[in-house]
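A short worksheet on the structure shown next.
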2 protein chains.
Amino acid sequence: MKPGPKRSLSGDVIVTAALKLLDERGGDAVSVRSIASEVGVAPNAIYTYFPDKVAVLRAVVDRLIGEQSLDVLADTGIPWRQRIHEVGLGLRKRLLDHPGATKLLLGAPMDGPRALEFGERLLDLLAEVGLSQEDAARASYLLIVYMLGSIALEAAELDPKMPAPPEKERINTRRKAFEAVPPQVFPRTAASTEVMAAYISTEQYVWGLDRVLDGLS
Amino acid sequence: MKPGPKRSLSGDVIVTAALKLLDERGGDAVSVRSIASEVGVAPNAIYTYFPDKVAVLRAVVDRLIGEQSLDVLADTGIPWRQRIHEVGLGLRKRLLDHPGATKLLLGAPMDGPRALEFGERLLDLLAEVGLSQEDAARASYLLIVYMLGSIALEAAELDPKMPAPPEKERINTRRKAFEAVPPQVFPRTAASTEVMAAYISTEQYVWGLDRVLDGLS
DNA sequence: ACCTGAACACCGTTCAAGT
DNA sequence: ACCTGAACACCGTTCAAGT
């Protein structure tokens, strides 16, 4: 094969290929070599666009965060809590569509451009609502920790090779797991099987978000 | 070399070796082969005690969670908020001592025996405080999400090969990073540099924990 | 049951060389 | 500047065989 410029390659193309592999074949299948073969290029061509493999994966995470539109946050026609609900639920949905990628979420600092944008728009809203600059900054971090933490914990239970099954099915799976908890050793855990199983529900996610918002006001 | 039983090996010995490598040489240096050579055994001997590599790493995480004593949670002589503070701060300290291991925290479900024990003791306390069974279950999950989420996000910025530097130093590093944020694009983020830098402080951790606790009561 | 040697099918990354 | 081929120093895991 002849070398020479192809111009078919770019950072975006590489990120897209990595995400596709992550979704279709899971985290273990994503290698520099598999990404390269997916885009039809030699493995080391990747290094023209990224310094190393982890940089590619970080770009994948930032891409997913950027997929969530933040426009609602600025929509003063909607009550502010509801705006946060909408963005929080949207982010969760988008991330859970890519369980393989979501597992990488909290392994690296959230310092990508899309993550910064997310924080900035949250600060806008919190300032509008009347929080001081300092409280707004602290609150935005708390909200991000809550959202990403619960989404990551939720994604950890999903098969990275498959799109997430419907919520009911996921709760059933968890219920079975908790029914195996020995009641003599963990009486309260065993007694709350139903609630434990529903930890990963949309309802519990919103409940937690509301408790955090209650704590802020 | 002769094969034959050695009896020097056990799951615990393997976990200890893995944690040592994680601390001294970082996540990339932890391989089945390096663990095996650390304990003086052939690589495939590991598979007598664990089904695969990720099982070893999960056991490392559960070991660290188990290191935090939960006795304070049951000490009715201390105000309940303070009990949660103590356990939360203790867990944070213990995990941040092992940044390499902490990065693995939210990549797998929290279903180890020590994690279950943690949840159960939290349920005890929340029931004592007067929460209904359902609210207690939801609240314990919220608290765990908050603690693990902020600890993981904090650990993501640390060099896995080194013990965490003192807090002041870590805040200085972050401040420098945030001073590079362009104020035209992210005005609020840039204006709050000082608070953003302090996201990883003990004080912000406790502040967030208190907001969550406020939301619960 | 517990361990070994050898092998299989891979990795991430570097380097010199081609256009 | 952008890409290739070839190589280096590794991986996780399996399998048959020894005690």
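In the text below, chain A, chain B and the rest are named by the order of the sequence lines, each starting its count at 1. Side-chain atoms are counted along with the backbone in the values below, which use heavy atoms only and exclude waters and symmetry mates.
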Counterpart base for dT19(D), defined by Watson-Crick or G-U wobble contacts under 3.5 Å: dA1(C)

Quick one: I46(B) CD1 to dT4(C) P, roughly how many Å, whole number? 10 Å

Parallel, tilted or perpendicular: which one describes the rings of Y199(B) and F178(B), with boundaries at 30° and 60°? perpendicular

When rounded to whole Å, the CG to P distance for the pair D52(A) and dC11(C) reads 17 Å

Rounded to the nearest angstrom, tell me the gap between atom CG in D28(B) and atom C1' in dG12(C). 10 Å

S37(A) versus S34(A), side-chain donor and acceptor atoms under 3.5 Å: no

Nearest to the side chain of A45(A), which nucleotide is it out of dC3(C), dC3(D), dT14(D)? dC3(D)

L9(B) CG to dC2(C) P, straight-line distance once rounded to whole Å: 10 Å

Taken to the nearest whole Å, NZ/K53(B) to C1'/dC11(D) is 8 Å

Between T48(A) and dC2(D), is there a side-chain N or O to OP1/OP2 distance below 4.0 Å? no

Please determine whether a side-chain nitrogen of the Lys or Arg among R92(A) and E167(A) lies less than 4.0 Å from a carboxylate oxygen of the Asp or Glu. yes

P gap between dA9(D) and dA9(C), integer Å: 23 Å

Find which nucleotide of DNA chain C each of S34(A) and P51(A) is nearest to by heavy atoms, and output the residue with the more 5' nucleotide. S34(A)

Closest of dT4(D), dG12(C), dT14(D) to the A42(A) side chain is dT4(D)

Can you find a side chain N or O atom of Y49(A) that sits less than 4.0 Å from OP1 or OP2 on dC2(D)? no

Minimum-distance nucleotide (side-chain atoms of S31(B) versus dG12(C), dT4(C), dG12(D)): dG12(D)

So, does Q133(B) use its side chain to make a donor-acceptor pair with the main chain of A191(A) at under 3.5 Å? yes

Whole-Å distance separating the CZ atom of R25(B) from the P atom of dC10(D): 10 Å

Does R114(A), at its CZ atom, have more than 12 non-hydrogen atoms belonging to other residues, nucleotides or ligands within less than 6.0 Å? no

For dT14(C), the Watson-Crick or wobble partner whose two distances fall under 3.5 Å: dA6(D)

Take the protein atom CZ of R33(A) and the nucleotide atom P of dC10(C), then report the distance between them rounded to whole Å. 11 Å

Separation of dC15(D) atom C1' from Y47(B) atom OH, nearest Å, is 13 Å

